[in-house]
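All values derive from a computational prediction rather than experimental measurement.
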Amino acid sequence: MDTKYNPEVIEKKWQEYWETKKLFKVEIDTSKQKYYLLEMFPYPSGRIHMGHVRNYCIGDVVARFKMAKGFNVLHPMGWDAFGMPAENAAIKNKSHPAKWTINNINEMRRQLKRLGLSYDWDREIATCHPDYYKWEQWLFVRMLEKGLVYRKKSVVNYCRPCATVLANEQVEAGCCWRCGQPVIQREQDGWFFKITQYADELLEWCDHLKGWPERVLTMQRNWIGRSEGARIFFKIENSDESIEVFTTRPDTVFGATFMSLAPEHPLCLSISKGTSQESVVQEFVNRALTQDWQSRVGEGAEKEGVFVGAYCVNPLTGRRMPIYCANFVLFEYGTGAVMAVPAHDQRDFDFARKYGLDVIVVVNPPDQSLEPETMTEAYVENGFLVNSGEFDGMDNIAVKKSISEKLESMGMGGPTINYRLRDWGISRQRYWGAPIPIIHCPKCGPIPVPDKDLPVVLPTNIDFPESGRSPLPDLDWWVTTPCPKCGTSSRRETDTMDTFVESSWYFDRYTCPRYDKGLLDPEQDHYWSPVDQYIGGIEHAILHLLYSRFFTKALRDLGIKQAGEPFENLLTQGMVIKDGAKMSKSKGNVVDPEELIDRYGADTVRLFCLFAAPPERDLEWTAEGVDGAYRFLNRIWSLIFQYKNLKKVRNSNVETIQSRYIRRVTHRTIKKVTEDVGARFRFNTAIAAIMEMSNELGKVTSENIFSDDALCWAMKEALDSMILLMSPFVPHISEELWEAFGNKSGLTKREWPQYDPQLIIEEELIIVVQVNGKKRAEIRVALTASDDEIKQSAMAELNVQKFLEGRTIRKMVVVPGKLVNIVAG
RNA sequence: GCCUGAGUGGUGGAAUUGGUAGACACAAGGGACUUAAAAUCCCUUGGGGCAUGUCCCCGUGACGGUUCGAGUCCGUCCUCAGGCACCA
């Protein structure tokens, strides 16, 4: 054994050992309990960053711990390999996205391997590989057949700089999630996944995902946005048409005095046609549609509208209600039309005051009567109905149902449920993505590519245009193809799929990455699914996690997969911070993981990431902290070095006070680390416990240790256990020390140490004595001491007596093994 | 505005079921070793007090409450972070 800890040498040695022996390769083993552990796969951007390191170190601890606990652990890794940065880089370097991506994957794989992560690399997948996206295309066709995919013309979010359509989930505060530029609205044909069909189930199962953080579930619930209400039809005057609205306040129908339509609503233009308002409306609609989203409905945007020149009829009051086109009405939510009740909705109130429209109070607070003339804001609280015919005097909440039912019986609407969640538009006008397997026939329309012709391979021998525009529509040899149905010369779909599609099912494919008879091998799926523990950043709380849940349910209903939810347990890890801010190039506070590995070794980097904060919290990066982790490993090294000749020891029947103490420390630490890692994912406290143990062991004077059998044996047990406890966190140094300490056959197949509850018990207890809740003394009592004995010793303490002087004892509370509180007054 | 977290020493954090607040580490200060430095090791380290102790007082964002006992539970408020946001 070398006197000096040399991570560079030992890390290389053990990584090769694990790799050549294929120690992390797994297969189905029905004799063992399976454990599917997954970390979110990375986008191959070129180099790993500290966020990856943290994510994967956390996962590796869990994986190695579960292996040691006897589970059959599936721990795979792969690449989310399609996406825009590859295209941007290709344009910049006059290269090809595929080449750039593959180079990056090779580089990042090499970097990950230097961290010593316990992946089964035989299961590696890259989503840009035709063998992967073939099954995605196949699934697209199955979903199309099942009615879960459809094509529609829709107003979509469009990002000019990225030259692509964005899903609603990819728009953040009116701006593109990737480039941050304002998003505009544009009408376009595209393919949609019918995620709304699962809105209810996705929402309901939020209540059953006990292993998910509450805030992620809350975010998903809000995103789905279920609201109960009514749909109501308002007949348009002098027309056969009606306007349908959704409202959560059917109790206020009697107070509806006008109608607001979204500028996108087709009725705006059609109703105003031929009226004096035609040109005004046209101008207003044009302006609203070309305006960027932020300035139209963003914060502080002015509410504006124009009269469309026609009226509709309130089904309950018969009132003539002017129809307005209003910029704040969202076309995508509900029906794109809102019945306006100015007395009870602040937006309608503002609008009515601005344009001089009538206000009718229909809900009064319990203690007063509102007058439209004196109101300065809408009354949105609950109360009792007025001006509402037969419903007057009734409670507004109770009446919601009655009014909905009345409308239903009139054929003018009825109760309904509306969701904020909208279908997932997946068409992207990008090159570097999975082709949508559709052929557009001039005679038959869009026809799916037959299964035997899958995959539709993304052509790779192309020149990449500098404009950033997708080259696909210009590739005649690829685009032009006969219709699979009638043979007519047709065009392929040239849009590719949103890259979130690939990440919505990659965890399934890991169970059978090379299976070629279907998307999933039922046997593998049955054994491995679902993922027992998923680990990744909170930033995917809605997008990726909701899509994956949807895909899982769709796959289940297609009979491809068994489980109905993809991830049993979810751990969302915090960000890596430096100088108080997220690491980023623009801030210049980036730490390169590989430089750290060069300098300290992977074990130090791993240890720091795990020790400095619990996983779900942000981790503040400090150079001093890394030094501290490195120093600790050096201390452990020299501790083992000091005892390296303890190799052969006799088991001893004799016990000394010292050996007994060491064994107690050992078994207490085993218990603590096992619970912290296994049940709580608190790696920082587990490591702290190991540090405490090493501090205790360091205090043992080594002079007589080789002659004292009992001490010798206890020490060997302690050091062996300590190495085993360290091994999930810092596997390389643990393997090396294990070997140097005279133990055989690597650590990865070693069982996790067990603690003996008998050995943890103290002979003496330290009991805190309080007087009126304040600590006044500590007493040592025998383990067997009765409550009365404890009380007596407590009373005997001088300092306790001092505080009892002149008082009478009212009560004594004894907490077994911990504390006595003497209540005196 | 709504929802969800969080607020503890100079710093990161610990306190798992209401029971000794500050484990473990970092930083800082002092000491040992050394010709010297680095490395290493040892000691001190929440604030205050004096009578320097097995001492006392204060202290977990603020103010109340429940309790023998509150960092932990309840109420009101403040601050910060994240998510959603004209969602009818």
Quick one, Y600(A) and P7(A) - any side-chain contact, counting heavy atoms below 4.5 Å? no
Quick one: does K775(A) reach the base of rU54(B) with a side-chain donor-acceptor pair under 3.5 Å? no
In Watson-Crick or G-U wobble terms, with both distances under 3.5 Å, the base opposite rC68(B) is rG19(B)
Answer yes or no: does a side-chain N or O of R226(A) lie under 4.0 Å from OP1 or OP2 of rC87(B)? no
Can you tell me, in whole Å, how much space there is between the C1' of rU72(B) and that of rC33(B)? 47 Å
Kindly point out which of rA15(B), rU4(B), rA88(B) is positioned nearest to the side chain of R682(A)? rA15(B)
Answer yes or no: does a side-chain N or O of N684(A) lie under 4.0 Å from OP1 or OP2 of rC24(B)? no
For R420(A) and rC86(B), is the shortest distance between a side-chain N/O and OP1 or OP2 below 4.0 Å? no
Opposite nucleotide pairing with rU40(B), Watson-Crick or G-U, both atom distances under 3.5 Å: rA32(B)
Who does rC86(B) pair with, Watson-Crick or G-U, both distances under 3.5 Å? none
When the P atoms of rG9(B) and rC63(B) are considered, how many whole Å apart are they? 15 Å
Spell out yes or no: do the side chain of N821(A) and the base of rC68(B) have one donor N/O and one acceptor N/O closer than 3.5 Å? yes
Minimum side-chain heavy-atom gap N684(A)-L610(A) below 4.5 Å: no
Quick one: N418(A) CG to rA88(B) P, roughly how many Å, whole number? 8 Å
Distance, C1' atom - from rC26(B) to rA14(B), rounded to whole angstrom: 15 Å
Nearest of rA27(B), rG13(B), rG83(B) to any side-chain atom of I542(A)? rG83(B)
Do the side-chain N and O atoms of D200(A) and Y419(A) include a donor-acceptor pair separated by under 3.5 angstrom? yes
Nearest-angstrom distance from the residue atom CD1 of I687(A) to P of rA14(B): 12 Å
Euclidean distance for P, rU11(B) against rA28(B) (whole angstrom): 15 Å
Closest-nucleotide 5' rank along RNA chain B - winner of R680(A) and T622(A): R680(A)
How about F351(A) and Y324(A): are their ring centroids closer than 6.0 Å? yes
Using the P atom as the point on both nucleotides, what is the distance between rG65(B) and rU52(B), in whole Å? 38 Å
Using whole Å, report how far CZ of R668(A) lies from P of rC24(B). 13 Å
Using the C1' atom as the point on both nucleotides, what is the distance between rU45(B) and rG7(B), in whole Å? 24 Å
For rG10(B), which nucleotide in any strand shown is its Watson-Crick or wobble partner with both distances under 3.5 Å? rC26(B)
Has R810(A) got more than 12 heavy atoms of other residues, nucleotides or ligands less than 6.0 Å from its CZ? no
Take the protein atom CZ of F632(A) and the nucleotide atom C1' of rC41(B), then report the distance between them rounded to whole Å. 17 Å
With a 4.0 Å cutoff (strictly under), does any side-chain N or O of R776(A) reach OP1 or OP2 of rC57(B)? yes
Taking the side chain as every heavy atom from C-beta outward, state whether W637(A) and I733(A) have any atom pair closer than 4.5 Å. yes
Closest listed nucleotide, where the reference is the side chain of D676(A) and the choices are rA88(B), rA27(B), rU16(B): rU16(B)
Counting only side-chain N and O atoms of K818(A), is one of them less than 4.0 Å from OP1 or OP2 of rU17(B)? no
Please confirm whether any donor atom in the side chain of R347(A) sits under 3.5 Å from an acceptor in the base of rA88(B), or the reverse. yes
Expressed in whole Å, how much space separates the C1' atoms belonging to rG31(B) and rG69(B)? 42 Å
Does a nitrogen or oxygen in the side chain of R617(A) sit under 4.0 Å from OP1 or OP2 of rG12(B)? no
Is K811(A) side chain donor-acceptor paired with the rC68(B) base, going by distance under 3.5 Å alone? no
Taking atom P in both rC78(B) and rA88(B), compute the distance separating them and give it to the nearest angstrom. 26 Å
Phosphate OP1/OP2 of rG83(B): any R215(A) side-chain N/O under 4.0 Å: no
Would you kindly give the CZ-to-C1' distance between F683(A) and rG12(B), to the nearest whole Å? 18 Å
Is the F608(A)-W621(A) ring centre distance short of 6.0 angstrom? yes
Grab the CD-P distance between E675(A) and rA14(B) for me, whole Å please. 17 Å
Syn or anti for rG9(B), please, going by whether the chi angle lies within 90° of 0. syn
